Structure formats: C-alpha cells, structure tokens
Amino acid sequence: MFAPPVAEAFELLQAFDGTVERVSGEDISVVLRDITDPSNGDEEAVLSLSQFDAPERVAVGTPFYLMVGYRTPRSGRETVTLVRVRTIVPLSASQRARAKAEAKALFSKFGPQGERA
Amino acid sequence: MPELDVPPALNEVEVSIFGPGVGECVVVHTGAGEWLVVDSCLDGPTRSAEPVALRYLRQLKVDVATAVSLVVITHWHDDHDRGVTDVFRAAKSATVVMSSVLCTEEIWSLVRMVKDRDDFDSGVDEFTGIFGELTTRLPAGATFPVGVPRFAKAELPLPCKNAAVTALCPSDVAIAKGQVAVAERLESAVAKGRRLVAEDPNHTSVVLWIQAGSRRILLGSDLENETDPRNGWTAIVNDAAGKRNGAEVFKVAHHGSENGHHPQVWSDMLAPGATAALTPFRRSSLPFARDVERIKKLTPECYITAQKTAAKRPPKRGAAVDAVLNVVTNRRRAVRGSKPGHVRVRMGRDGGSITVDLFDGAKPL
C-alpha cells in the first residue's frame with residue numbers, strides 16, 4: 001500500500017500523484033493520477049496556490065501529492081487535505097554521462113536519414 | 001445501419017477519425033489492404049486502455065503486422081501520442097514518422113536521462129518506447145524503410161505503397177525554433193526536478209497530404225497560424241499554391257480552433273464542399289460555438305467525433321473523500337471519456353460518391 005510521507009498521525013483515505021499543468025495567478029491547473037485505486041483514470045482539476053505547502057516552488061511540471069485523510073488531534077477526528085510539493089532527486093553526473101553516451105549511439109543508428117531515402 | 005466491422009473494399013479509400021478529449025487518431029486505408037495510422041489515442045479512461053487504432057483494425061480483421069505501412073506521430077502532445085508505442089510494436093512492417101523537431105542528439109540525450117525515472121512521470125514514455133522497438137528491429141536485418149524512423153519536414157515524401165504521402169511541415173524555421181524550445185523544456189525539467197508537460201506550441205506539428213488514386217486528403221494535425229509567414233499554415237498555403245488542391249477530405253486542424261483556421265486552406269487546397277471532420281478538445285472546450293459556425297459556413301459536410309460537453313464525471317470515492325475533494329478543487333473532471341467517437345469516410349479510389357458513417361457518439365457538426 002502506498003503511503004506518502006506525513007509527519008503527524010494521519011489516516012490516509014485517498015492519495016493522488018499530481019502534476020502542475022498551468023499556472024494562472026492563484027489558479028493552478030493540475031492533472032491528478034489516483035494512486036489509491038490506479039484503475040481510475042486521470043483527472044483534471046484546479047487548485048488554489050495557497051493550498052500547496054510550498055507555493056514558491058509551484059511551476060509548470062511541479063510534481064506533488066494530494067492526500068485526503070483523517071487527522072486525529074486531541075479535540076477529535078477531522079478530515080483534512082494535504083498538498084505536498086515533491087522533490088525529484090536530480091540525476092547524478094554519471095547518470096547524465098551515461099544517458100549522453102546512449103543517445104549518441106542511438107543517434108548514429110536512427111538519426112537524420114533523409115539522404116538515405 | 002452501417003456495419004463497423006466490415007473492411008473497406010480493396011479499391012476503396014477510408015479515412016477514420018477517432019476522438020475526443022485528450023485523444024485523437026486517424027486511420028487511413030489507401031487501397032489494396034494498406035493502412036496508415038496517424039497519431040494515437042486510447043480506447044478507454046485509463047492509461048492501460050488499448051489504442052483505438054489497434055482495436056479498430058483488429059475488428060476489421062486486418063493483419064496489423066503486415067498491413068500498416070506508416071505510423072505517424074504528428075507532434076509530441078499526449079493527446080496525440082498515447083499508445084503509439086503499442087501501435088508501432090504491432091505494426092511490424094511500418095515505418096515510424098515523427099517531427100524533425102525531435103531529431104537532435106541533445107534532445108535524445110535528455111530523453112534518455114529521464115526514461116528510467118518513474119518519478120519524472122515523463123511525457124517521453126512513448127518516445128522512448130518507439131526507440132526501444134526500433135532497437136529490437138534493427139539487428140533483424142531490417143533495411144530502409146522498415147526499422148529506420150523518418151523525421152518529417154516540409155515536402156518530405158513518406159514511404160507508402162498505394163498512395164503518395166507527403167509531409168507539408170514543419171518548415172526549417174519551425175524545426176530550428178522547436179528544437180530549441182524542446183531542449184530547453186527538457187533541460188529545465190531535468191535540472192529542476194520537474195515533470196515534462198507539453199507546453200510547446202503546435203507549430204512543429206506534421207501536416208500530411210495524401211493522394212490515393214484520384215482521392216486527395218489533408219490531415220491538419222494541430223497546426224496553428226504563426227506570425228512568421230515561414231511557419232504554420234501560411235507557409236503551407238504558400239508552398240501549395242498551384243500544386244496542391246482539390247482535397248475532398250480534411251481532418252480539421254487543432255480541433256477547429258480559430259488559430260488553426262486559414263482561409264486559403266479552404267479556398268486553395270480543398271475541394272468545394274469537402275468533407276471535414278474534427279475532434280473536440282475538452283481541456284480548452286474546443287471547438288467554440290463561433291468555430292462551429294465558421295466551419296459550417298465553409299462546408300455542409302462537417303462532422304465531429306463526440307459531443308464536447310459529454311459528461312466526464314470523476315469516479316465516486318466515498319462520501320468523506322468526495323466531500324473534501326469537492327471543496328478543495330475546482331472544475332474537477334475525468335481526463336478521458338470512456339470511448340472515442342468515430343467518423344468514417346469511405347470513397348472509391350478512382351471516383352464516385354463519398355459515404356460518411358458515424359459511430360460511438362460522432363455526429364454532424
């Protein structure tokens with residue numbers, strides 16, 4: 001079962017893997033992929049910028065988790081939504097070098113071939 | 001009632017257009033059992049659904065492995081490429097065609113960087129899948145045209161047995177601009193840990209001119225107008241002057257949008273009363289009412305693959321979850337409808353009337 005990292009007691013009901021598609025002021029158009037039930041198709045929605053935990057990092061392509069669940073403070077259970085901006089680990093220098101070498105080999109096989117026509 | 005599973009006669013040309021939403025696909029029978037697949041969309045709401053072209057061709061009992069000679073990806077947007085790797089894998093005899101904008105070592109290098117990284121959820125899955133399939137074919141001794149991709153640009157003829165197929169764009173200027181834009185987008189995603197989102201303009205789309213027997217077909221892809229006359233539709237109509245006219249079937253460009261419309265396409269390149277078909281694009285609510293009115297004034301024979309307003313409710317997930325989602329999100333809706341609509345155009349290769357049949361929600365515009 002997928003369990004996004006959450007710092008406090010949180011009973012997860014629903015999680016989406018989201019991607020920011022457009023930024024229009026406070027309106028953030030996103031695509032949501034259901035990771036609780038992957039048989040559901042993707043959805044589009046508009047979120048407010050203020051709902052993101054790190055609004056300064058929101059840009060086209062920013063990945064995030066949208067989670068719905070129960071939080072249980074002392075006063076009783078409440079339903080909450082968390083929108084957590086994700087961090088994708090950058091590629092290492094060796095990964096980049098390997099990719100460039102692979103691309104070079106591919107390009108030599110499948111590159112521009114107009115003159116071969 | 002027209003039958004959906006009856007293949008065209010050997011001397012018939014067919015243009016089948018599937019859509020809607022974030023998906024569009026055109027399947028063409030050029031005659032004598034030869035087929036082309038232009039773009040790809042899925043036959044259901046999930047990413048694991050079957051490509052509609054494969055479903056349709058198998059329904060017709062077409063041997064996809066031998067009968068499909070071209071698989072064309074007009075541009076790198078997910079409403080045009082979903083499932084195209086599966087189509088190409090099945091079409092063992094086909095040559096794959098993509099825009100020249102993708103043909104740089106730098107872009108391929110960046111694509112390779114993200115291909116094994118699920119967290120990028122990259123829009124390059126189909127691109128890498130195509131090259132994976134090409135790699136498996138090449139050692140088998142395949143020679144041109146099988147096994148070698150073609151990178152389409154203006155006036156490039158494409159390999160096809162029963163029809164003359166020509167790419168009308170992108171122009172050299174569009175290719176140069178597009179290669180810079182794509183490389184910058186990829187580099188930014190890799191460097192900043194963001195996903196690839198298709199936001200480059202449609203000016204690198206591949207428009208196709210097909211002549212099969214006496215029939216002429218114009219497939220407009222998503223090409224739009226550009227301020228630079230060396231790009232977009234202006235470049236095409238200028239190049240076509242006097243040599244490309246009389247197309248009887250037109251896949252309307254860019255979901256019928258105003259910016260995909262060029263009057264000289266209709267006056268110079270299409271036959272009067274040409275049969276026109278388009279797919280809606282629900283993210284942008286295309287075509288708008290004014291687009292529909294404009295197209296209807298240009299030809300009485302115009303069709304759309306699906307109602308653009310067809311309901312796409314998200315699935316129910318339980319009262320607590322749905323209640324919260326309804327509060328925190330606006331305009332939430334499913335990306336994909338359940339089944340694409342289908343406009344089928346058939347006509348004799350050497351003349352005669354044109355028959356249009358509508359399936360799965362397609363209707364006159």
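Lettering of chains follows the sequences in order, A, B, ..., and the numbering in each one begins at 1. Small disclaimer: the values here were computed from a predicted structure and weren't measured.
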(request) Against chain B, label A:V20 side chain, backbone, both or neither, depending on which of its atoms sit under 4.5 Å from a heavy atom there. (result) backbone
(request) Please round to the nearest 0.5 Å and tell me the distance separating atom CZ of B:R194 and atom OG1 of A:T19. (result) 12.5 Å
(request) Measure the CZ-CG distance between B:R332 and A:L47 for me, rounded to the nearest 0.5 Å. (result) 10.5 Å
(request) Considering only heavy atoms and a distance below 4.5 Å, find which of A:G61, A:A103, A:A45, A:A101 pairs most often with chain B. (result) A:G61
(message) Using 0.5 Å steps for rounding, measure from the CZ atom of A:F16 to the CG atom of B:L325.
(response) 5.0 Å
(request) Check A:L106 against B:F131 and note the closest heavy-atom contact, atom names and distance. (result) CD2-CD2, 4.1 Å
(message) Heavy-atom cut-off 4.5 Å, strictly under: side chain, backbone, both or neither for A:I28 against chain B?
(response) neither
(request) Would you mind telling me which of A:R57, A:R22, A:R96 has the largest number of heavy-atom pairs within less than 4.5 Å of chain B? (result) A:R96
(request) Could you point out which residue of A:V80, A:V68, A:L13 forms a side-chain contact (heavy atoms from CB on, under 4.5 Å) with B:V324? (result) A:V68
(request) Please report the closest heavy-atom contact between A:A99 and B:S109, naming both atoms and the distance. (result) CB-O, 3.8 Å
(request) Over all heavy atoms of both residues, which pair between A:G111 and B:F151 is shortest? Give the atoms and the distance, please. (result) O-CE1, 4.0 Å
(message) If we ignore hydrogens and angles and just use 3.5 Å, is the side chain of A:Q14 paired with the main-chain N or O of B:R317 as donor and acceptor?
(response) no
(request) For chain A, find which of B:T329, B:V328, B:V321 contributes the most heavy-atom pairs closer than 4.5 angstrom. (result) B:V328
(message) Between B:T104 and chain A, with a heavy-atom cut-off of 4.5 Å, which part of the residue counts as in contact: side chain, backbone, both or neither?
(response) backbone
(request) Salt-bridge test for A:E44 and B:R331: reply yes if a basic N is under 4.0 Å from a carboxylate O, no otherwise. (result) no
